[in-house]
Each structure stands twice: as C-alpha cells, then as structure tokens.
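Just so it is clear, the structure is predicted and the values come from calculations on it, not from any experiment. Below, all heavy atoms of this structure are taken into account, side chains as well, without hydrogens, waters or symmetry copies.
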Amino acid sequence: MARLTFITESGDNVVADDAFGTLMEVARDHEVEGIDGACGGVCSCATCHVKVHPDWLAKVGPATEVEQELLDLEDETDNRSRLSCQIEVTEELDGLVVEVVTL
Amino acid sequence: MDKCPFHDAFAEHRKQGDAIPITFDDEEITMILGFKAVRSAARDFGSFSSDAPFRVPIPSEEDVRTVRQLPIELDPPKHKTYRALVEPFFRRPLAPEYAEKVSDLIEELLLDASGKENIEIVRDFALPLQSRALTYLFNVDESEAEIWTGWGIHVFRDGKADAKDDFSLEDYINRKFDEAEASPEQPDFFSTLAYAEIEGERLTRDEMVGFANLAFAGGRDTIIQSVSSVFALFGMQPELLNKIRSDSSLINTATEEFFRMVTPLTHIGRVNTENREVHGVETKQDQRISLCWASANYDETVFKDADTFCPDRKPNPHIAFGNGAHTCAGAHHARLIMRTLLRLIADLNIDIKLIDLTENIEKQNDYERRTGFESLIVKLNRTTTSS
Ligand code: HEM
Ligand code: HEM
Ligand code: FES
C-alpha cells in the first residue's frame with residue numbers, strides 16, 4: 001500500500017491512498033486528467049506519460065528498454081520521463097510524486 | 001495467392017524513400033510512407049492542414065456529403081474546442097458498466113453464431129455488433145441499431161444503403177436532429193449536439209450534421225474490418241488462438257497487433273499549406289498529402305518482423321488510430337470491442353473454421369491493398385460445453 005500524488009497539467013494535485021497495481025491503473029481509478037492508458041498498459045499509446053519528481057528518480061528507476069523505445073519517439077520526454085503503466089506500485093514508492101505531461 | 005493479403009502493401013514503395021508521388025483517381029498526391037515521417041507529418045498541422053472540408057478522406061467526399069466533418073476537418077486550436085464537445089461520449093467506453101454491456105452483447109452474438117451451421121461474419125456478426133455497440137456510445141436506445149444495420153455494409157463508401165437507392169444518411173441524421181430540437185435536452189449524442197454551445201453560440205445544423213456524419217462513417221467499416229479480421233486470422237492460424245486462450249495476458253498486446261496489421265484506414269489526407277519539398281517530393285501549395293498509416297505500421301525500422309503477427313509485440317507504437325491532435329476519438333470503443341472479442345472467443349472455447357471468403361481490394365494505379373472482406377463465411381464450434 002502506498003500514497004501517490006499526481007500533479008496534473010491544470011495544476012491539481014490528485015492524491016491516491018492505498019494504491020496498488022500499476023501507476024497508470026491507479027491514475028485511471030482516480031480519473032487523473034491526462035492519463036488515458038488507452039492501450040491498457042502494453043507500450044503502444046504513450047497516453048500514460050509522467051515525469052517523476054526529481055527526489056524520486058533513484059527509487060523509481062529508469063525506463064525499461066521497451067518503454068524507452070516508445071519514449072524516444074516523443075519530443076517532449078526527458079530523463080524524468082516514464083510510462084506510468086510500466087511502474088508497479090510498491091511499498092517502496094509510498095509518498096511518490098509524479099507530474100502528468102501529455103505528449 | 002502466395003502472400004497473405006494483410007501483409008505489407010507498401011514495401012516496394014518505401015524502398016523509394018519516405019515519400020513518393022502517387023496518382024489517386026487522377027489526383028496527384030504526395031504519399032508519406034516511413035513511420036517517423038508519417039508520425040511527425042500528422043503532428044505538423046502548420047504544414048499539413050486538416051482545415052479543408054471534404055478533403056481529409058482519400059478519396060475526397062464532395063459527392064458523398066454536403067457538410068464539413070467535425071472535428072476532423074479542422075486544425076488546432078479550433079479543433080480542440082470542437083472535439084471537447086463530443087469527447088465525453090467517446091470516453092464512455094472507459095466506464096465499467098459500458099464494458100459490461102459490450103461483453104454481454106458479444107457473448108450473445110458468439111453463442112448465437114456458434115449454434116449455427118455456419119455464419120457470414122461481415123453482415124451477420126460484425127455489422128450488428130458494430131451497430132448495437134454504437135448505440136452505447138451515442139447513449140441511444142439499442143433498438144435504433146436495427147435501422148443502422150439495415151443500411152448494409154456499403155453505406156459509407158457511396159453514401160447509399162445497399163437496398164434503397166433513395167436512402168440518404170444526411171436525411172436520417174437531419175431527422176434525428178429535428179427530433180432532438182423538438183424535445184427538451186436529453187443525455188444522448190444527438191440532443192447534446194442540438195443544445196451544445198461554443199462561446200455562447202449554438203452549433204449550426206451543418207455543424208451538428210458534420211459531427212454525426214463522422215461518428216457514423218469513421219466507426220463503421222473500421223470496426224467491421226477489425227472484427228472480421230479476428231475470425232479470418234484465427235481461422236487460418238488456430239495455434240494463435242490457442243496461444244491467447246492459454247495466456248490471457250496476451251489479450252491487450254494481441255489487440256494492438258490486430259490494429260497494426262489490419263490498419264483499417266489505409267491513409268488519410270492533409271492539404272499542403274505552401275510549395276515545399278516533402279521528403280524529396282516537390283509538392284505544391286493546396287496539393288494533398290497522404291499520411292499512409294498502412295505503410296508506417298509495417299516499417300521494418302520500427303517493427304521487427306513486421307509481416308508476422310506477434311501476439312506479444314511490445315512496444316507496439318502503431319499508428320492505426322493516427323497520431324497527434326486528431327488521434328482517433330473512437331479508439332477507446334474500438335479497443336474495448338476487440339479486447340472483449342478476443343477474451344470471449346478464448347474463454348467460451350470457440351474454434352473457428354474458415355469456409356469461404358471474398359476479399360475487398362483497394363485498387364489504385366500505384367498500389368493494391370487488401371482491406372477486409374466483402375464476405376467471410378466461417379463455422380464456429382464450441383469445443384467444450386461448459387454451460
Ligand atoms: C482474406 C483473408 C486472408 C487470407 C486469404 C490469408 C491468406 C494467407 C496465406 C495464403 C498465408 C500463407 C502465406 C505464405 O505462406 O506465404 C497467410 C499467412 C499469414 N497471414 Fe493471412 N490471410 C488472411 C487474413 C489475415 C489476417 C486478417 C491477418 C492478420 C491480422 C493475417 C496474418 C497472417 C500471418 C501473420 C501469416 C503468417 C505468415 C507470416 O508470419 O509471415 N492474415 N495468410
Ligand atoms: C479500428 C477502428 C478505427 C480505426 C482504425 C480508426 C482510425 C482513425 C484514424 C487514423 C483517425 C485520424 C484521422 C486524422 O488524422 O485525420 C481517426 C479519427 C477519428 N475517428 Fe476513428 N478509427 C476507428 C474507429 C472509430 C470509431 C468506432 C469511431 C466513432 C464511433 C471513430 C471516430 C473518429 C473520429 C470522431 C475521429 C476524428 C478525431 C479528431 O479529428 O479529433 N473512429 N480514426
Ligand atoms: S497505457 Fe499505453 S503505453 Fe502506457
């Protein structure tokens with residue numbers, strides 16, 4: 001169980017307590033604006049893009065190789081970019097803050 | 001036939017570069033072919049505009065309709081305002097109740113079909129599925145689907161229903177808006193548009209019709225083709241179905257792979273905003289550009305073994321639904337239908353035997369591409385009787 005915060009593009013903070021599953025699924029359950037998760041988490045759509053808060057980069061870790069291939073197609077990604085469908089929520093990530101950035 | 005019809009129709013074309021000049025029904029068009037080139041052109045509305053009534057579809061549709069289709073035939077920022085009006089309808093498939101209705105519908109159709117000697121998938125399965133599911137998106141009574149099914153499968157290619165020459169889609173749509181305007185606002189698609197406002201102004205009737213026309217046209221052949229291809233492929237390659245049956249985690253990846261390989265919409269148009277060279281092809285102002293999704297989705301530099309159906313392909317950044325601001329609004333609905341269909345064919349232990357088929361061939365001077373079926377007859381068998 002973990003508490004997560006999504007900062008949306010319109011500046012809202014959406015807090016999810018007791019989160020489990022992938023970060024994308026949590027965002028969908030909480031109707032976080034800007035996270036569609038259109039492909040259902042299989043690295044096709046990039047509609048689940050987030051930028052990880054700098055303080056959390058080390059704990060969340062870098063994008064997987066498959067994920068990076070998709071991120072590399074986009075102009076507005078950087079080293080904080082992740083596809084939230086590829087991040088499994090764990091106790092470790094309790095307190096995590098991510099920014100939603102639609103591509 | 002020595003090669004699968006769903007294999008790459010543009011392999012030879014791509015060898016000539018990221019773009020080539022083609023002739024399409026006497027029109028000179030610059031066709032963009034490479035994955036990255038198509039994807040970035042789709043986002044570059046300053047150079048390649050959608051603000052062109054009748055000219056986004058290829059071939060153009062002056063003869064098929066009288067209104068600008070919305071929101072597709074607009075550029076940002078106006079496009080965004082218009083799309084926002086209908087977005088809540090296109091997001092309905094994300095709700096669990098909607099998914100349940102689609103599941104019940106497909107289960108009913110599959111059980112029905114598997115009780116029969118054989119079934120013609122295009123007219124007797126895909127068309128009713130498409131029509132009835134669209135009533136959920138529009139939030140109208142499911143009985144309305146009987147009318148839509150009655151139009152047959154050619155209605156949006158020539159604007160006419162199969163049986164009746166005097167049928168007009170626009171007349172039907174106008175009637176729906178007449179009815180909507182004569183009643184207080186309801187939460188359905190027609191009524192919502194009839195009462196919608198942009199900057200305090202109600203939509204014109206042409207605008208309402210433009211929205212409805214696209215929702216009917218964009219969602220018909222594309223869904224019918226996607227659904228039919230599932231039966232064709234599993235009929236040809238039963239081991240693929242067995243693979244998915246034994247591992248349900250493949251459903252979402254296999255769904256995306258269907259969209260990539262089938263790419264129901266071969267390409268779509270844009271209008272070139274000034275004289276320029278497009279990947280080496282001199283293109284005049286106002287000349288049309290084709291964004292060839294069907295070529296991009298087989299680009300070997302992005303999709304390894306592009307001619308092979310990989311049920312576990314990941315990543316799969318196909319652009320069957322387009323890319324950028326105009327990315328298909330109906331994609332949530334389409335994905336839900338395909339995932340549900342795969343899950344139920346697997347779970348209900350349905351096996352598919354191909355009996356007979358007639359292909360649809362999109363034939364132009366410069367290319368030939370198989371796009372689905374005129375008819376597809378299969379026999380569905382339930383291997384174990386669990387209910
Ligand atoms: C009109 C219906 C179809 C017909 C008549 C047809 C026919 C064929 C034939 C004859 C082959 C053998 C090709 C060879 O060995 O050279 C083949 C292979 C194949 N087809 Fe189809 N096909 C149809 C629909 C589809 C659809 C809808 C898909 C995918 C969505 C598909 C995907 C494949 C794949 C993946 C192979 C295996 C060969 C490979 O992996 O390279 N086919 N098909
Ligand atoms: C497998 C099924 C489908 C495919 C492959 C498909 C493909 C596409 C593509 C490629 C575009 C982009 C057009 C462009 O860039 O100009 C598009 C746009 C659109 N599609 Fe689909 N489509 C499908 C299903 C549907 C359905 C079911 C509906 C409606 C019920 C629909 C409604 C729309 C609309 C409204 C747009 C315009 C979006 C905009 O301009 O913002 N589509 N579709
Ligand atoms: S949900 Fe599609 S890539 Fe993450």
query = If you tally heavy-atom pairs under 4.5 Å against chain B, which of A:L83, A:L70, A:V66, A:D75 wins?
reply = A:V66

ask   = Is it true that A:D94 and A:R3 make a salt bridge, defined as a side-chain N closer than 4.0 Å to a carboxylate O?
value = no

note = Here the side-chain hydrogen bond (donor to acceptor under 3.5 Å, both in side chains) pairs for residues 82-93 of chain A, sequence neighbours left out, are A:E67-A:R82

query = Taking only heavy atoms into account, what residues of residues 34-50 of chain A are found under 4.5 Å from chain B?
reply = A:D36, A:A38, A:C39, A:G40, A:G41, A:V42, A:C43, A:S44, A:C45

message = Any salt bridge linking B:R313 with B:E257? Criterion: basic side-chain nitrogen under 4.0 Å from a carboxylate oxygen.
response = yes

request  = May I ask you to check if B:R245 and B:F234 form a cation-pi contact, with NZ or CZ under 6.0 angstrom from the six-membered ring centre and within 45° of the axis?
outcome  = no

task = Check side chain to side chain donor-acceptor pair (under 3.5 Å) between A:R28 and all other residues, then give those that pass, not counting sequence neighbours.
result = none

ask   = When you check the side-chain N and O atoms of B:E256 and B:N252, is any donor under 3.5 Å from an acceptor?
value = no

inquiry  = Counting C-beta onward and ignoring hydrogens, is there a side-chain heavy-atom pair between B:E87 and B:R91 closer than 4.5 Å?
reply    = yes

query = Between B:Y298 and B:F10, does the ring centre distance come in under 6.0 Å?
reply = no

query = Taking non-hydrogen atoms and a cut-off under 4.5 angstrom, which of residues 32-49 of chain B neighbour chain A?
reply = B:F35, B:K36, B:R39, B:R43

ask   = Do B:F211 and B:F138 have ring centres separated by under 6.0 Å?
value = no

inquiry  = Ignoring hydrogens, what is the shortest heavy-atom contact between B:P71 and B:H326? Give both atom names and the distance.
reply    = O-CE1, 3.7 Å

remark   = Assert top hit (heavy-atom pairs under 4.5 Å, partner chain A, pool B:T327, B:I319, B:L94, B:I251) equals B:L94

